[in-house]
Number of protein chains: 2
Amino acid sequence: MPKKRILPFIILGIINNHPQITGREITAEFATEIGDFWKASHSQVYPELKRMFNDGWIYDSKSKNNAKERYYTITAQGHEVLNKWLDQLVTDLPIHEDLFSLKLFFIKDQHDERIPQLIARQLILLKKELNYLEQRRQTVFANEKTIQNNYGHYLILTRAISRTQGQIQWLEETQKQLEE
Amino acid sequence: MPKKRILPFIILGIINNHPQITGREITAEFATEIGDFWKASHSQVYPELKRMFNDGWIYDSKSKNNAKERYYTITAQGHEVLNKWLDQLVTDLPIHEDLFSLKLFFIKDQHDERIPQLIARQLILLKKELNYLEQRRQTVFANEKTIQNNYGHYLILTRAISRTQGQIQWLEETQKQLEE
DNA sequence: AATACCATGTAATATGTTACATGATTAT
DNA sequence: ATAATCATGTAACATATTACATGGTATT
């Protein structure tokens, strides 16, 4: 059995959230909104859009402004496919392909200099991330109505903030213990 | 520039931690010890071992018990390569290819039934994971000496436990709020 | 009209997964 | 001796990344 494809469902979800979206804008979503959970380059997106169109999940219309540009919108069948996917419960936790953990794993000596170095760097990265996430919560969810109308998005942003804070806290505690 | 390969360094680290290890045992590590951070099947491992041998990172010796079996050990050059990799600081946070977050992202309505369903399932998975991780901390790090001699491993196990606990806590709080 | 960027597309390469395959070893 | 598992290896397929490519559009 081939590995389950996820990318088409993500693209379908994006199109559902943004009717009349272009391939370029979909690609941009992977660099911003969804960027924290998934990545895809335009060379993946365009062939996928073709397949989805051929399967009747989406339809397209030509732009009046730009000869190449195409606007994609989800079809009734596409809605069905998306909802069927959303209805399926998650069966496994994801694995965290995490270089930080991986490198630590191979360092055996408690007093190896590289442990505090790796932690210090990770803290820098996580604080930058936390800052970015909190910024987004403020700008994207400025009013209560936006929260109610994009509740799932709001939840995962909140969750990401909480998770990042937790990681920072753990690292800072560990950092202190190492100094003793 | 091609994407940076990580698998060979992981395998190198495994061989460094377990001299005279076989390909089969290396593959097994990906299903247990390292399984939380990285996955690799035997069809990836064996060709990689060949390449690493050709590059002089490891050497092998034949088993006396089994005609096919080979024991791999790291070379001086391999040590250099591994340490050079470990010395390099991490430059980016990993992305979390997380179906749970992804599905939530596409659910807009605050009262959509699927939100509590997804959360309930995620809680089951996380509690199972927490149980497994705590079990491992008890069995693998039964005494203080093991901790000191595998400090990096101990750290990331502790970190994984803390992270999982944090996620469970956040989900349970969110679950309560949704019930109100 | 020269330059930068937009918008899409494809080719070459790298990586990963599943399935297929062989013969050795162990357990019953 | 038969079945299950060990141990390695490869082939076919699926997916992902990087680089290359084309022509349109907007800016100066």
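Order of the sequence lines sets the chain letters (A, B, ...), proteins ahead of strands, with each chain counted from 1.
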Colleague: Could you check which residues of residues 48-57 of chain A get a heavy atom under 4.0 Å from DNA chain D? Sort them by number, please.
Modeller: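 Close to the strand, none.
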Colleague: Can you check the B:K4 NZ to C:dT15 P distance for me, whole Å?
Modeller: 13 Å
Colleague: When you check the gap from the basic side-chain N to the acidic O, do B:R136 and B:E33 get nearer than 4.0 Å?
Modeller: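 Answer for the salt bridge query: yes.
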Colleague: Please give, in whole Å, the distance from D:dT15 C1' to A:H42 NE2?
Modeller: 16 Å
Colleague: Expressed as a whole number of angstroms, how long is the span from B:K62:NZ to C:dA24:P?
Modeller: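 Distance, rounded to whole Å: 15 Å.
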Colleague: Residues in salt bridge (charged side-chain N to carboxylate O under 4.0 Å, His left out) with A:E173, at least two apart?
Modeller: none
Colleague: Counting just side-chain N and O atoms, does A:Y46 come under 4.0 Å of either OP1 or OP2 of C:dT8?
Modeller: yes
Colleague: What's the spacing between A:S63 OG and A:K68 NZ if we round to 0.5 Å?
Modeller: 13.0 Å
Colleague: Would you say B:R24 reaches D:dT8's phosphate, i.e. side-chain N/O to OP1/OP2 under 4.0 Å?
Modeller: no
Colleague: Please work out whether the ring planes of A:Y154 and A:Y151 are parallel, tilted or perpendicular, with thresholds of 30° and 60°.
Modeller: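 Geometry flag for A:Y151 against A:Y154: tilted rings.
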Colleague: Please give, in whole Å, the distance from D:dT17 P to A:W38 CH2?
Modeller: 10 Å
Colleague: On DNA chain D, check which nucleotide each of B:E97 and B:P47 is closest to and give me the residue with the more 5' one.
Modeller: B:P47
Colleague: Using the side chain to side chain contact (heavy atoms under 4.5 Å, CB included) criterion, which residues pair with A:I95? Sequence neighbours excluded.
Modeller: A:E97, B:K39
Colleague: Tell me whether the rings of A:F9 and A:W85 are parallel (<30°), tilted (30 to 60°) or perpendicular (>60°).
Modeller: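 Plane angle under 30°, so parallel.
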Colleague: Can you tell me if the side-chain N/O atoms of B:Q44 get under 4.0 Å from OP1 or OP2 in C:dT15?
Modeller: no
Colleague: Could you give the CD1-to-C1' distance, from A:I6 to D:dA16, as a whole number of Å?
Modeller: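 The distance from CD1 of A:I6 to C1' of D:dA16 comes to 14 Å, rounded to the nearest Å.
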Colleague: In whole angstrom, give the distance that lies between atom CG of A:L7 and atom C1' of D:dA14.
Modeller: 13 Å
Colleague: I need the CD-C1' distance between A:E25 and C:dC5, as an integer number of Å.
Modeller: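 Between C1' of C:dC5 and CD of A:E25: 15 Å.
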Colleague: So, under a plain 3.5 Å distance rule, would you say the side chain of A:K68 forms a donor-acceptor pair with the base of D:dT25?
Modeller: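 Looking at the base of D:dT25, it does not pair with any donor or acceptor on the side chain of A:K68 (distance under 3.5 Å).
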Colleague: Could you check whether B:K127 pairs with B:E172 (Lys NZ or Arg NE/NH1/NH2 to Asp/Glu carboxylate O, under 4.0 Å)?
Modeller: yes
Colleague: Under 3.5 Å, is there an N or O donor on one side and an acceptor on the other linking the side chain of B:S43 and the base of C:dT18?
Modeller: yes
Colleague: Examine D:dT15: is either OP1 or OP2 under 4.0 Å from a nitrogen or oxygen in the side chain of A:R5? Give yes or no.
Modeller: yes
Colleague: Whole-Å distance between D:dG9 C1' and B:N66 CG?
Modeller: 14 Å
